[in-house]
Amino acid sequence: MIDITSLSKSFKHSHVLRDVNVHVPDHSVTAVIGPNGSGKTTFMKCILGLVRPDSGTISINGISAIGSAQGRRELGYMSQIAQYPDNLTPLDLFAMIERVRSTTSTRKTALIERFDLGPHLKKPMRALSGGTRQKVGAIIALMFEPRVLLLDEPTAGLDPISTGVLKDLIMDTRANGATVLITSHVLSEIQELADRAIFLHEGTKVFDGTVATLLAQTGDATLERSIATMMLDAQQKQRAS
Amino acid sequence: MIGKLLGFALKDIARSKWVLLYVFFFILLTEGLLRFTAGEAKTVVGLMNIVLLLIPLGASMFGTLHLHNSREFIELILTQPVRRSSVFAALWLGVVIPFLAAFTLGVGIPMAAHGLIADPTIVALMVSGNVLTIVFFALSFLVGIVIADKAMSMGVAFVMWLFFAVLYDGLILWVSVQYADYPLEEATIAMVVLNPVDLARIVVTLTSDHAALMGYTGAVFNQFFGTMRGILISAGSLVLWTAVPLWFAKRAFDKRDW
């Protein structure tokens, strides 16, 4: 689980996150949604330790994630842009992550098979397509059965078969008790995967609850409509204030 | 932890075509100068002038570019249970070590083939080239980390090279002309010590036969750089030119939002 209290972050004079309080439970897939510039990426990067918050606390399964390498042992992360050193092969990358974590992945071979990455294992990353690099990113994120999985636009660039495989793996990870946090612009994907949603608008948390509650609150039939309604409400409130 | 990451960083850079090109460029350059210039002394002067211009330029631009191009990879590594200082050290050493090896092989192989590898001037030239590689990769990492915008970062790295490799000598010349009526020996030595490129040039020149041709200036430089005090100050200056930018770069890396 992830516990976040009073999280704030600003870049120069721009407040990107304002006093965000969130509890993300185990056994859940939580979608972080919001319009462009709402603070989704900064929110995720704070949890990953890539961005240092101005104030607030973040704990992952009880271990502080701010300035602590140990807290990241439980994390798996898949980024939107799968860019890796040109001259390393997928096998080199998997070996590097294993060495950094001082452990061997028991799941790596099965994941390589499921993503059909076998023929590309010894090719340099520069020779791989964007979709294949994305598969490498998925395997890196999942190879240590993380207790907390963060996915930033995970299916971008993946073919339909690999997208299906990844969605199955995300659901398996959730079923095993992990906490999954996902951002995606494909709302049908969020509706399919997520059982909870956090809606951010201009760095402020506007909604935090189950997807069913979100739909009931806005009275819309689909998540897409529901989010559009919520965005319009947030904009109107902002104009009014 | 540094060692674990360094192995992979070295593997990536060592397989890069740029490092191979760098080795072959110096092999061709050194061999060409040895074959087509009249005498070893002229070869050293020609090689020195190119080395003192190209190594700072190559290290400044490649170091900055490498850091920006590795951004997503750095992000991936930083999400692993590893300290930022270890990632920084592995990144820097992973670039510096292959380029040190490339320069040493590129100049060393032809020199060894011609039986000149033990010549004090050649040794001084190779040591100076390696020191400049270390110093300018430290400076380029500082620029690359502090300035998040890639184009701006590359521009600043280029201006930095231009200043140390070209403009600084103009500054020394201007001071010499403006204050020609004053004794400038100590001031000139101080200015030379403050620029790693000039320091490398003087060290190589003083070990060659050309030092005699420098007349009074050569004697003044020899009097300073030939003493233990001069050697210690020069070495200290080069250590500071590496340690200070690296310390600031590591500090910026630790605090930077990725």
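The chains referred to below are lettered A, B, ... by the order of the sequence lines, with proteins before strands, and numbering in each begins at 1. These figures come from a predicted structure and were not determined experimentally.
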Based on non-hydrogen pairs under 4.5 Å, which of [options] is most in contact with chain B?
options	value
A/A141, A/G76, A/A95, A/C46	A/A95
A/L88, A/L93, A/L48, A/T89	A/L88
A/R126, A/M125, A/R101	A/R101

Self-check item: Heavy-atom proximity to chain A below 4.5 Å, by part of B/R84
Solution: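 The side chain, not the backbone.
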Quiz item: Of the backbone (N, CA, C, O) and the side chain (C-beta and beyond), which part of B/L5 lies under 4.5 Å from a heavy atom of chain A, both, or neither?
Solution: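 Contact with chain A is through the side chain of B/L5 alone.
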Quiz item: Taking C-beta and beyond as the side chain, do A/D26 and A/R147 meet within less than 4.5 Å on heavy atoms?
Solution: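 They are in side-chain contact.
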Practice problem: Could you tell me whether the side chain of B/T104 reaches within less than 4.5 Å of the side chain of B/M126, counting heavy atoms only? | Solution: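 The answer is yes, as the side chains (C-beta and beyond) meet within the 4.5 Å cut-off.
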Quiz item: Any ion pair linking A/R174 and A/D195 (charged N to carboxylate O, less than 4.0 Å)?
Solution: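 Salt bridge: yes.
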Quiz item: Does anything in residues 51-70 of chain B get under 4.5 Å of chain A by heavy atoms, and if so which residues?
Solution: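 Checking residues 51-70 of chain B against chain A gives no residue, so none.
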Quiz item: Can any side-chain N or O of A/E189 pair as donor or acceptor with the backbone N or O of A/S184 at less than 3.5 Å?
Solution: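 Such a contact is absent between A/E189 side chain and A/S184 backbone.
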Practice problem: For residues B/F26 and B/Y22, establish whether the separation of their ring centroids is below 6.0 Å. | Solution: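 Ring-ring flag for B/F26/B/Y22: true, centres closer than 6.0 Å.
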Quiz item: Do the ring centers of B/F164 and B/W241 come within less than 6.0 Å of each other?
Solution: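 For B/F164 and B/W241, the ring centres are under 6.0 Å apart.
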Do you know the tightest heavy-atom contact between [X] and [Y]?
X	Y	value
A/L151	A/M44	O-CE, 3.5 Å
B/K250	B/S85	CE-CB, 3.5 Å
A/H23	A/R196	O-NH2, 3.7 Å

Quiz item: B/D257 and side-chain contact (heavy atoms from CB on, under 4.5 Å): which partner among A/T42, A/V16, A/V51?
Solution: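 Testing each of A/T42, A/V16, A/V51 against B/D257, the sole residue satisfying side-chain contact (heavy atoms from CB on, under 4.5 Å) is A/V51.
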Exercise. Flag the one option from B/R71, B/R83, B/E75, B/K255 with the top tally of heavy-atom pairs under 4.5 Å to chain A.
Key: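 Option with the greatest count: B/E75.
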Quiz item: Can you say whether A/I140 sits under 4.5 Å from chain B via the side chain, the backbone, both, or neither, judging by heavy atoms?
Solution: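 Side chain of A/I140 only, per the 4.5 Å heavy-atom cut-off to chain B.
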Quiz prompt | Proximal component of A/F11, with respect to chain B [non-hydrogen, under 4.5 Å] | solution =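 When you check distances to chain B, only side chain atoms of A/F11 fall under 4.5 Å.
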